[in-house]
There are 2 protein chains.
Amino acid sequence: MDEETLQAALNTADVLCAQRGVRFTAQRRRVLELVCRAERPVGAYEILGQLHTGATAAPPTVYRALDFLLEQGFVHKLETLHAFIGCTHPEHPHASQFLICADCGRVKELESEAVAGCLRSAAQETGFHPKRPVIEVLGTCAQCTHKAKKV
Amino acid sequence: MDEETLQAALNTADVLCAQRGVRFTAQRRRVLELVCRAERPVGAYEILGQLHTGATAAPPTVYRALDFLLEQGFVHKLETLHAFIGCTHPEHPHASQFLICADCGRVKELESEAVAGCLRSAAQETGFHPKRPVIEVLGTCAQCTHKAKKV
DNA sequence: CATTTTTCGAAACATTATAACAGTTGTGCG
DNA sequence: CGCACAACTGTTATAATGTTTCGAAAAATG
Ligand SMILES: [Zn+2]
Ligand SMILES: [Zn+2]
Ligand SMILES: [Zn+2]
Ligand SMILES: [Zn+2]
């Protein structure tokens with residue numbers, strides 16, 4: 001995420017938190033910034049390592065901040081990677097799909113209503129009531145596929 | 001998985017391993033049996049706890065067996081639960097979807113080609129080459145939804 | 001039966017996540 | 001303002017999950 005996008009994301013978070021009456025503390029802001037600034041998904045302990053803000057920091061510090069950001073929909077958790085990524089459109093709740101490149105490690109967030117709807121239908125056919133769909137695809141991104149062909 | 005289904009699963013595994021020229025050792029067989037016998041997904045350490053087969057057993061013992069069973073497609077790993085479940089149709093490779101009931105903990109394995117295809121399309125539209133899709137839906141199963149309504 | 005490959009045992013270690021409790025800070029109200 | 005209360009944070013310890021490594025045992029190979 002580039003600097004401009006980052007600032008926009010932080011501003012959006014500010015506004016949304018105000019609207020929702022929740023506190024966007026310095027700590028939470030800092031964690032969101034670290035997650036968004038990263039080119040790739042970041043693990044909790046990786047964030048922790050970058051949090052040396054004068055005082056120390058322990059795992060719960062990071063996990064609490066992440067829990068908050070997840071609740072507010074500012075970040076997503078990638079279950080297959082045990083890592084976190086900034087959301088690209090936090091203003092509305094959504095079921096998204098993640099394309100994870102095993103080569104470069106970059107992740108693209110899709111928001112295909114077709115996929116979401118299809119899965120919802122398939123689930124509901126069996127009488128199942130979906131709450132939280134987790135859709136993550138491991139593979140190779142366009143860029144890396146292209147590179148591989150050239151070599 | 002009931003006793004009959006279990007025996008069928010073990011036999012299928014036997015046959016497939018023979019066909020594939022891989023060894024279905026007593027250890028692997030035992031782990032598969034434990035996974036299949038469970039009503040719900042089981043964690044690696046849970047299996048480990050039930051493996052007191054005279055000799056001791058350490059984590060690698062279980063993880064090695066599980067790796068083998070995963071490769072052969074006899075079990076699946078549920079990433080959101082860090083747990084394993086026996087596959088209901090191990091004879092052919094497949095991309096499946098899992099419906100995980102947050103209430104009773106039971107998991108249903110779907111094999112919807114519609115869902116798989118839809119996701120594949122969405123991914124490929126962006127130039128992404130899917131390798132391993134992970135689709136897990138947390139929610140409430142038909143049975144538990146029904147029970148909840150009665151109360 | 002010697003050689004080679006695969007599997008298994010065992011100990012230590014690495015990573016991810018949570019529990020529990022005390023202190024601190026912010027917020028609303030009289 | 002000064003207090004009460006809730007939310008947030010610091011700290012320590014611990015749980016749960018997963019891996020590395022090395023060497024012994026067992027099985028396939030010839
Ligand atoms: Zn998102
Ligand atoms: Zn890539
Ligand atoms: Zn299956
Ligand atoms: Zn249920």
Side-chain angles (χ1 to χ4, degrees), chain A residues 13-14 17-35 38 40-72 74-85 105 134 136 138, chain B residues 13-14 17-32 34-35 38 40-72 74-85 105 134 136:
Chain A
D14 258 329
C17 283
Q19 280 177 13
R20 295 170 187 173
V22 296
R23 282 155 62 184
F24 194 45
T25 65
Q27 187 112 245
R28 291 165 175 176
R29 188 188 187 86
R30 181 123 172 74
V31 170
L32 178 58
E33 186 179 339
L34 287 171
V35 171
R40 293 164 234 291
V42 285
Y45 281 75
E46 202 173 335
I47 297 168
L48 186 52
Q50 299 180 42
L51 261 193
H52 32 60
T53 58
T56 65
T61 301
V62 170
Y63 281 104
R64 282 192 285 233
L66 286 171
D67 282 347
F68 173 85
L69 298 173
L70 284 169
E71 271 169 27
Q72 300 301 321
F74 300 159
V75 305
H76 295 292
K77 175 167 188 177
L78 296 167
E79 297 286 348
T80 53
L81 300 181
H82 305 288
F84 303 83
I85 188 177
V134 172
E136 301 177 12
L138 287 88
Chain B
D14 257 330
C17 284
Q19 280 177 12
R20 295 171 187 174
V22 295
R23 282 155 62 185
F24 194 45
T25 65
Q27 189 113 243
R28 291 165 176 175
R29 188 188 187 85
R30 180 124 173 73
V31 170
L32 179 57
L34 287 171
V35 171
R40 291 165 237 289
V42 286
Y45 281 74
E46 203 174 334
I47 296 167
L48 187 52
Q50 298 180 42
L51 260 193
H52 31 61
T53 57
T56 64
T61 301
V62 169
Y63 281 104
R64 281 192 287 234
L66 286 171
D67 282 346
F68 172 85
L69 298 172
L70 285 169
E71 271 169 26
Q72 299 302 319
F74 300 159
V75 305
H76 294 293
K77 174 165 190 178
L78 297 167
E79 298 286 348
T80 51
L81 300 180
H82 306 290
F84 303 83
I85 189 178
V134 172
E136 302 177 11

Only pairs under 3.5 Å count here: list side-chain donor-acceptor contacts from residues 17-26 of chain B, not counting sequence neighbours, and write none if there are none.
| from | atom 1 | to | atom 2 | distance (Å) |
| --- | --- | --- | --- | --- |
| B/R20 | NH1 | B/Q72 | O | 2.9 |
| B/R20 | NH1 | B/Q72 | OE1 | 2.9 |
| B/T25 | OG1 | B/R28 | N | 3.3 |

Report the C-alpha separation of B/R29 and B/D14 in whole Å, then their side-chain angles, then the decisive distance to 0.1 Å, and conclude whether the side chain to side chain contact (heavy atoms under 4.5 Å, CB included) test is met. CA-CA 9 Å; B/R29 188 188 187 85; B/D14 257 330; 2.9 Å; yes
Closest approach to the side chain of A/Q27, judged atom by atom: which nucleotide of C/dA17, C/dT6, D/dT9 is it? D/dT9
Winner on side-chain proximity to A/R28, out of C/dT16, D/dT9, C/dG9, is D/dT9
Candidates C/dT16, C/dG9, D/dA28 - which lies nearest the side chain of B/T61: C/dG9
Along DNA chain C (nearest heavy atom to each residue), the more 5'-positioned of B/A58 and B/R23: B/R23
Expressed as a whole number of angstroms, how long is the span from B/L66:CG to D/dT19:C1'? 14 Å
Given D/dT17, C/dA11, C/dT7, the nucleotide with the shortest approach to the side chain of B/Y63: D/dT17
If I take atom NE2 in residue A/H82 and atom C1' in nucleotide C/dA14, what distance separates them, rounded to the nearest angstrom? 13 Å
Can you tell me how far C1' of D/dG10 sits from CG of A/L48, to the nearest Å? 12 Å
Separation of C/dG26 atom C1' from A/F24 atom CZ, nearest Å, is 17 Å
Within this structure, what is the CD1-to-P distance between A/I47 and C/dT15, rounded to whole angstrom? 16 Å
Relative to the 5' end of DNA chain D, which residue comes earlier, B/R64 or B/A83, by the nucleotide with the nearest heavy atom? B/A83
Working note: A/L69 + A/V31, criterion side chain to side chain contact (heavy atoms under 4.5 Å, CB included); need CA distance, chi angles, decisive distance, verdict. CA-CA 9 Å; A/L69 298 173; A/V31 170; 3.8 Å; yes
What integer distance in Å separates B/E79:CD from C/dT15:P? 19 Å
Quick check: on DNA chain D, is the nucleotide nearest B/G43 upstream (toward 5') of the one nearest A/A26, or the reverse? Name the residue that is more 5'. A/A26
For the side chain of A/P59, starting at C-beta, report the closest nucleotide among D/dT11, C/dT18, D/dC8. C/dT18
Can you find a side chain N or O atom of B/K77 that sits less than 4.0 Å from OP1 or OP2 on D/dT17? no
May I ask you to verify if any side-chain N or O of A/T25 is less than 4.0 angstrom from the OP1 or OP2 atom of D/dA7? no
Closest listed nucleotide, where the reference is the side chain of A/P60 and the choices are C/dA19, C/dT7, D/dT19: C/dA19
Can you check the A/L78 CG to C/dA17 C1' distance for me, whole Å? 17 Å
Tell whether A/Y45 reaches the base of C/dA17 with its side chain through a donor-acceptor pair below 3.5 angstrom. yes
Look only at the side chain of B/Q27 and the backbone of B/T61, and say whether a donor-acceptor pair between them is shorter than 3.5 Å. no
With sequence neighbours left out, what residues match A/A44 under side chain to side chain contact (heavy atoms under 4.5 Å, CB included)? A/V62, A/Y63, A/L66, A/F84
Quickly work out the B/D67 CG to D/dT20 C1' distance and round it to whole Å. 14 Å
